[in-house]
Amino acid sequence: MSVVSGPVRVRFAPSPTGYLHIGGVRTALFNWLFARHYGGQFVLRIEDTDEKRFVDDAAADIMASLRWAGLDWDEGPDVGGPFGPYVQSERHAEGIYATYSTQLLEAGLAYMSFTTEEELAQMRAAAEAQGIKSFRFRGPERAWPLEQQQEMAARGRPFTIRLKTPLEGETRFQDLVRGGDQIVVQHTQLQDIVLIKATGMPVYHFAHLVDDHLMQITHVMRAEEWVPSTPYHVLLYHAFGWNLPVFAHLPVILRQDGKGKLSKRKDDVSTNRFWERGYLPEAMFNYLALQGWSYDDHTELMSRDEIVERFTIERVQPSPARWNPDKLKDLNGLYVRRLTTEQVAERLLPYLTKAGLVTDPPTVDERAYVVSLTPLIHERLVELSEAPDLLEFFFREPSPGPEGYDPALLVPKKMEAAQTAELLRAAHEALSQVEIWGIEQVEAALRALVARLEVKPGPLFGAIRVAASGRTVAPPLFEMLVALGRERTLARLERGYTALG
Ligand code: GLU
């Protein structure tokens, strides 16, 4: 029997403090999959109450990243919904959080705290000096009647609102991913956390919880880093007398070497970067689904629909996932190869435009040309952003010399420059007589030349490859020459032998 029953509502609640970390997309994806699999709603909520860390445009950027990954939301800032607004600063402006913090103050479950930041710092330092490892703040105002707190506030003293965390007892909660065992925390391990800052802004712990309740969120699926804060959230739910949502903390993603979490600082994990590098969203979708979830112990390649159908919370693992860029690359290569030539060409165009190889927007001829070039690189393409480099010489003339490639590259091993020039001249001659510029004809002409000159094909073809492309590694030779066209091929061969003197 499934552990999930009834209609589900989940949310992804990013803070617009910068670009979206790929781990954030994984969290969003799992919520999305959960909603789609169990037939519920996926809500996007922007948690922008941390004014210090707020970054302009980050929310738009986050939404663009989510859309790129193929995720859509049923309710959110841009699409609206019955529980809006979906941006916390707007909810704050409507007085939503103040209503609920007042409720807790009046019930004596929270209090106004007049301890300043400096005083707190001093208390912490004093505790440290006494050898107390973790300082747990409990304000003296816990014991004050509300009137006394209000009087103090009326005198203009700035205050925060803190949760009156019980001094004794314990809090338990269950986590759907971490198994049926209850997580238990002793209240002596907790402190009176801030709910509302001196500026009047709610902190995350308070705002997200009020919103989850009002938005009727049934399952809170979020990063594992929130487990230690969850007891506070449970206490808050109890304080309000609200039903608890089901918690499901998703496993952390470790760095490739297993040493620590994938981090914004150390790793290249901005979603935009993967996008720029030319990862296909469908490959990323597939890869991220496997970061903490599996269908069985071997199936990796799965379509979006298959993943939706197979995604059950029971198969989300509690143990850490491990980031594996090579696997992501492999998967991307597989997805690229499954696209048709036209589809790949279409996806390459933005990269070629950006590199200035085709115009923006590309002309009909440019499009057609890119379609004709695509088969030459389709098989070995892993990241689409490699395409401009792989295809550059089809758009720009490679020249031997200081500005271009090193003419020494033309000379095969164990051969002299003069000899190589001879070969290139002979190739020029042979190719200039090819009437129909097709793959078979070009190949036949060059093979006949090999026979006539009694040389090995390797060195000859190598020299032609360099002359035609300016590089030693290039697409298959005959196909490449045909794609270049007769005139350009001949001109490049000529420049090659001329450079060799
Ligand atoms: N705003 C929080 C974050 O960005 C959301 C955590 C949660 O999902 O509850 O990490």
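Both counts, for ligands and for their atoms, begin at 1 and track the order of listing.
The closest donor-acceptor contact from the side chain of Ser101 to the backbone of Tyr97 lies under 3.5 Å.
With respect to Asp212 and Arg45, a salt bridge is recorded, a charged nitrogen being found less than 4.0 Å from a carboxylate O. With respect to the salt-bridge test (charged N to carboxylate O, under 4.0 angstrom), the residues Asp72 and Arg36 qualify.
The aromatic rings of Phe240 and Phe206 lie tilted to each other, with the angle between the two planes from 30° to 60°. Using a 30° and 60° split on the angle between ring planes, Phe114 and Trp144 fall in the parallel class, below 30°.
The single protein non-hydrogen atom nearest to atom 8 (O) of ligand 1 is Arg11 NH1, 2.7 Å, given as residue, atom name and distance. In terms of protein heavy-atom proximity, atom 7 (C) of ligand 1 is closest to Tyr204 OH, 3.2 Å.
Each of the atoms 1 (N), 2 (C), 5 (C) of ligand 1 lies under 4.0 Å from some heavy atom of Glu47.
Among the atoms of Ala13, some N or O lies under 3.5 angstrom from an N or O of ligand 1.
Heavy atoms of Glu225 come nearer than 4.0 angstrom to ligand 1 in no pair at all.
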